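Throughout, a chain's letter reflects where its sequence line sits, starting with A, and its residues are numbered from 1. Note that the structure is a prediction, hence the values are computed from the model and not measured.
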2 protein chains.
Amino acid sequence: MDAEAIKRSLEGSGLRCTAQRYAVMEFLMDHKGHPTAAEIFEAVNHVDPRSSRATTYNNLRDLVKAGLVREVAVEGRAGRFDLQGMRHHHFICDRCGNVEDMEWFDVPRPASRSLGKRIVRECHLIFRGLCPKCAQRSASR
Amino acid sequence: MDAEAIKRSLEGSGLRCTAQRYAVMEFLMDHKGHPTAAEIFEAVNHVDPRSSRATTYNNLRDLVKAGLVREVAVEGRAGRFDLQGMRHHHFICDRCGNVEDMEWFDVPRPASRSLGKRIVRECHLIFRGLCPKCAQRSASR
DNA sequence: AGACAGTTTAGATTATATCTAATATAATAT
DNA sequence: ATATTATATTAGATATAATCTAAACTGTCT
Ligand SMILES: [Mn+2]
Ligand SMILES: [Mn+2]
Ligand SMILES: [Zn+2]
Ligand SMILES: [Zn+2]
């Protein structure tokens, strides 16, 4: 049932449902913790068929372009990926760099005067601070 | 006068006002276009005294930690820096990766229930889409 | 079968950022 | 002024992240 959903979403975006692509989508579906490309590459290669690093990066890029996957850039660290499921914002930990989901809520649109000639595709909030684990650690010192 | 302001803000953060640090601050003050570390390094080395790459990165990191400078991560590209002046949001161009300032407006706080044990230091909106230059380019094709 | 576009691959290459450990500098104490 | 000390700088090596290359493979269509 999820298998079919993945297949359909790939084909709906004009992407062939290859074993390598499917594996990336399946891994993201099962791991909501915003893995890096390297982690995804490692993980999908524990099971057959093997996928190359270039393919993992190529596929992640294609999936982001197709709007099925989202990339979250983190300063000084590898980018992290998640499925574009329910809309949500993000929290990034200053200390460990982990990315966590935050409940979605609507954000006021900027005045069209301040938008100028830009074309806005999406907008997304980034909260920063200490994640629960790091907050606790820093409190107990 | 700006010179004094830079000096004071460095010392107020417990950072010595060295020639290299001053040069980074001065460059950011004069170039509001969110330069990369490499661009800052290049630029401050057109004038004496020469600063090394390591120092540029070290200083940018210290300045960010001190809250005087902000870093904006962009997926697949070098991080970009700006002075922490007036609060503002950011717009990142899908095509060219340029970062532009967007007028500040308050963002509703997430429900404390959804915050959990996190400690939020800041929150900041990222708009994405096409910058004016790229929007025009893509329209005329 | 043959043709073709899309996809995958290993490894090289580029881009970005950090580390190392020797040296220099600024602030403070004597 | 000189000594002491914590901070800061440096060149170059190293680490990490991402992309490129060109050849091989796969699925679809005729
Ligand atoms: Mn997410
Ligand atoms: Mn800015
Ligand atoms: Zn954390
Ligand atoms: Zn642009």
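For the pair B:Glu11 CD and D:dA6 P, the computed distance is 20 Å after rounding to whole Å. Atoms CG (B:Leu63) and C1' (D:dA8) sit 13 Å apart, rounded to a whole Å. In this structure, B:Leu60 places its CG atom 11 Å from P of D:dT9, rounding to the nearest Å. The distance from atom CZ of A:Phe41 to atom C1' of C:dG11 is 12 Å, rounded to the nearest whole Å. In this structure, CG of B:Leu10 is placed 10 Å from P of D:dA8, rounded to the nearest angstrom. Atom C1' of nucleotide C:dA26 and atom CG of B:Asn59 are separated by 14 Å, given to the nearest angstrom. Atom CZ of B:Arg80 and atom P of C:dA17 are 11 Å apart (whole Å). Straight-line distance from the CG atom of B:Leu15 to the P atom of C:dA27: 12 Å, rounded to whole Å.
When each of C:dT8, D:dA18, D:dT10 is scored by its nearest atom to the side-chain atoms of A:Ala78, the top-ranked nucleotide is D:dA18.
Using a 4.0 Å heavy-atom distance criterion, B:Asp62 is classed as making no nucleic acid contact. Within the 4.0 angstrom heavy-atom criterion, base atoms lie near A:Thr55.
Nucleotides of DNA chain C nearest to B:Thr18 and B:Ala38 differ in position, and the one nearer the 5' end is that of B:Ala38.
For C:dT16, neither phosphate oxygen OP1 nor OP2 lies less than 4.0 angstrom from any side-chain nitrogen or oxygen of B:Thr36. Side-chain N/O atoms of B:Gln20 include none lying less than 4.0 angstrom from OP1 or OP2 on C:dT25. Taking side-chain N and O atoms only, A:Ser51 has no distance below 4.0 Å to OP1 or OP2 of C:dT8. The phosphate of C:dA15 (OP1 or OP2) has no side-chain N or O of B:Arg77 nearer than 4.0 angstrom.
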- Going 5' to 3' through nucleotides 19-30 of chain D and flagging B where a protein heavy-atom sits under 4.0 Å of the base, S where only the sugar-phosphate is that close, and - otherwise, we get BB-----B----
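Remark: A:Arg118 qualifies as a cation-pi partner of B:Phe91 under the 6.0 Å distance and 45° angle criteria applied to the six-membered ring.
Under the 4.0 Å criterion applied to side-chain N and carboxylate O atoms, B:Glu100 and B:Lys133 are not assigned as salt-bridge partners.
Within a 6.0 Å sphere centred on CZ of B:Arg109, other residues, nucleotides and ligands contribute 12 heavy atoms or fewer.
Taking the six-membered ring where tryptophan is involved, the planes of A:His88 and A:His90 are perpendicular, since the angle between them exceeds 60° and thus also 30°. Ring geometry for B:His89 versus B:Phe127: interplanar angle over 60°, hence perpendicular rather than tilted (30 to 60°).
Closest approach of A:Arg53 and A:Phe41 over heavy atoms only: N-CE1, 3.3 Å.
To the nearest 0.5 Å, atoms OH (B:Tyr57) and CD1 (B:Ile40) are separated by 9.5 Å.
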